[in-house]
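Remarks on the structure that follows.
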Amino acid sequence: MWINQLKFLQALCLMTASLLAGCSGGGADTPDLGQVTGTITLDGQPLTQASVTFQPQTGAPSVGMTDETGHYELAYNTDTQGAIPGQHAVRISKMGEPGSPNDTEDQVPAKFNQNSKLTAEVKEGENTVNFDLDSKAK
């Protein structure tokens, strides 16, 4: 069942990225992009089923979802993988299991999402951007 929920969340993230990107389909309106992959851990464990958003200083964000190993790949829109080159603010979020008592609570500390100070620089070509998050660190 969680596989279907993960697929739904991935589709939702990609739809959001597509809408924010002006619904470009990878055509002439799509800027040059860097390919971004990485792994996210929280307190030494893979962070699964989490959304990651890279927001550039100008332009549309790119989003991805982590798999069971914490690995993610960013998508610019539904047809195009990657992110705009340059400096990005990064937000990582994971909602509780749908239907559970904590389904509306973010399972990732606010310092990594709504109050995030995480950043990443995307360059043209291949980029590996890993995040080893520590919930206890200040």
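All residue numbers in this chain count up from 1 along the given sequence.
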| said: For Q87, is the CD atom crowded, meaning more than 12 foreign heavy atoms sit under 6.0 Å from it? | reply: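 Yes, CD of Q87 has more than 12 neighbouring heavy atoms, counting only those of other groups under 6.0 Å.
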
Linking I/L/V/M/F/W/Y whenever their side-chain heavy atoms sit closer than 4.5 Å, directly or via other members, would [X] and [Y] fall into one cluster?
X    : Y   : result
L118 : L42 : yes
I92  : L74 : yes
V52  : L33 : no
Y76  : V90 : no
M65  : I40 : no

| message | Side chains of H88 and P56, heavy atoms from C-beta outward: is any pair under 4.5 Å? | response |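 Answer yes - side chains close enough.
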
| query | Taking side chain as C-beta onward, heavy atoms only, is K111 less than 4.5 Å from K117? | reply |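 They are not in contact (no side-chain heavy atoms under 4.5 Å apart), so the answer is no.
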
Taking all heavy atoms of [X] and all of [Y], pick out the closest pair and write down the distance.
X    : Y    : value
P46  : G70  : CB-N, 3.8 Å
R91  : N113 : CG-O, 3.3 Å
P109 : S135 : CG-CB, 3.7 Å
V122 : A83  : CG1-O, 3.8 Å
P31  : I84  : CG-CG1, 4.0 Å

| Ring geometry between F54 and Y72 (parallel below 30°, tilted from 30 to 60°, perpendicular above 60°) |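 The arrangement is tilted - the two ring planes meet at 30° to 60°.
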
Can a donor-acceptor pair be found, under 3.5 Å and without considering hydrogens, that links the side chain of [X] to the backbone of [Y]?
X    : Y   : value
D106 : M95 : no
T66  : Q49 : yes
D134 : D43 : no
S93  : S51 : no
E124 : P85 : no
D132 : T41 : no
K94  : T48 : yes

| query | From N130 CG over to T37 OG1, what is the distance, rounded to the nearest 0.5 angstrom? | reply |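 The OG1 atom of T37 is 8.0 Å from CG of N130, to the nearest 0.5 Å.
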
